[in-house]
Amino acid sequence: MTILAIETAGLDKLINSDPIAITFFIGYMAMLASAVFFFVERSSVDGKWKTSLLVSGLITGIAAVHYYYMRDFYLATGESPTAFRYVDWTLTVPLMCVEFYLLTKPFGAKSSTLFKLIVASLVMLITGYIGETSGIDNNVMWGVLSTLGYLYIVYEVFAGDIAKLAKGSNSQALNRAMFLLKIFITLGWSIYPIGYMVLPGNLLAGAFEVSSIDLFYNLADAINKIGFGLVIYSVAIKETAMARANA
Ligand SMILES: *C/C=C(C)/C=C/C=C(C)/C=C/C1=C(C)CCCC1(C)C
């Protein structure tokens with residue numbers, strides 16, 4: 001009886017230490033804890049930084065809710081929760097673009113810059129979703145289209161509007177944050193297309209099991225959503241301390 005109930009709830013997967021199920025659990029708790037942290041820490045920073053921390057809290061909070069559902073879906077079906085995943089990303093990636101916008105706004109960032117970043121991220125995610133759900137014959141082509149959207153974001157941050165505006169600042173804390181965010185965008189975000197390539201018919205099919213796509217995505221989400229938020233938190237704390245010292 002008990003065993004049956006455990007199996008029905010999908011908990012046997014955890015008991016048998018399924019690494020994917022475990023990363024869904026850890027991901028959920030980590031996102032929730034981070035969201036609480038960023039919301040509470042808003043009171044330690046000044047003025048405009050409160051908005052940046054609010055956005056960090058929203059990114060991790062939205063992810064926490066999606067991880068809650070993704071974890072259940074995975075335990076119940078053993079399948080990858082692709083639709084939940086993409087709904088999460090469609091909300092959180094544009095919010096990460098908002099973080100770049102907020103960081104560079106004091107140096108003249110315009111809403112058109114934010115608009116371009118958001119359009120590029122939507123292109124990246126919509127084509128990626130079609131690729132993941134369209135089957136073996138087409139996922140390479142959609143993956144390539146998605147990568148164009150991704151590369152455009154990388155371009156904006158390294159050489160486009162965001163890069164030019166960040167140069168206008170003489171704040172050491174901001175320059176350091178921009179440096180770290182560039183690492184997140186190039187190395188951290190590149191984990192996603194690598195995960196995508198384990199799909200059948202794609203470049204890494206056979207090298208990894210298809211199910212490992214969720215290991216890649218869960219790892220990447222934890223690094224990028226929480227790490228990104230912490231970088232912003234650290235610049236907010238430093239800039240607040242400086243402003244208070246000069247006051
Ligand atoms: C919090 C979620 C984040 C930062 C998600 C980022 C997702 C990507 C950078 C996804 C990129 C993809 C490609 C570049 C090609 C293959 C399809 C995707 C959508 C996995």
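Values in this document were obtained by computation on a predicted structure and should not be read as measured data. Remember, it's 1-based here, ligands and their atoms both numbered in the order they're listed. One-based numbering along the sequence shown.
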With a 6.0 Å cut-off on ring centres, are [X] and [Y] close enough?
X	Y	value
Phe100	Phe228	yes
Trp89	Tyr86	yes
Tyr233	Phe37	yes

*Ring geometry between Phe84 and Phe73 (parallel below 30°, tilted from 30 to 60°, perpendicular above 60°)*: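 The rings of Phe73 and Phe84 stand perpendicular, inter-plane angle above 60°.
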*asked:* Which protein residues come within less than 4.0 angstrom of ligand 1, counting heavy atoms only?
replied: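 Close residues (ligand 1, cut-off 4.0 Å): Tyr86, Trp89, Thr92, Val93, Met96, Met124, Gly128, Gly143, Ser146, Thr147, Tyr150, Trp189, Tyr192, Pro193, Tyr196, Tyr217, Asp221, Lys225.
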*Side chain to side chain, Pro200 and Val210, heavy atoms closer than 4.5 Å*: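 In contact.
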*When you measure from the side chain of Asp18 to the backbone N and O of Ile20, does any donor-acceptor pair fall under 3.5 Å?*
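Side chain of Asp18 to backbone of Ile20, a donor-acceptor pair under 3.5 Å: yes, one is there.
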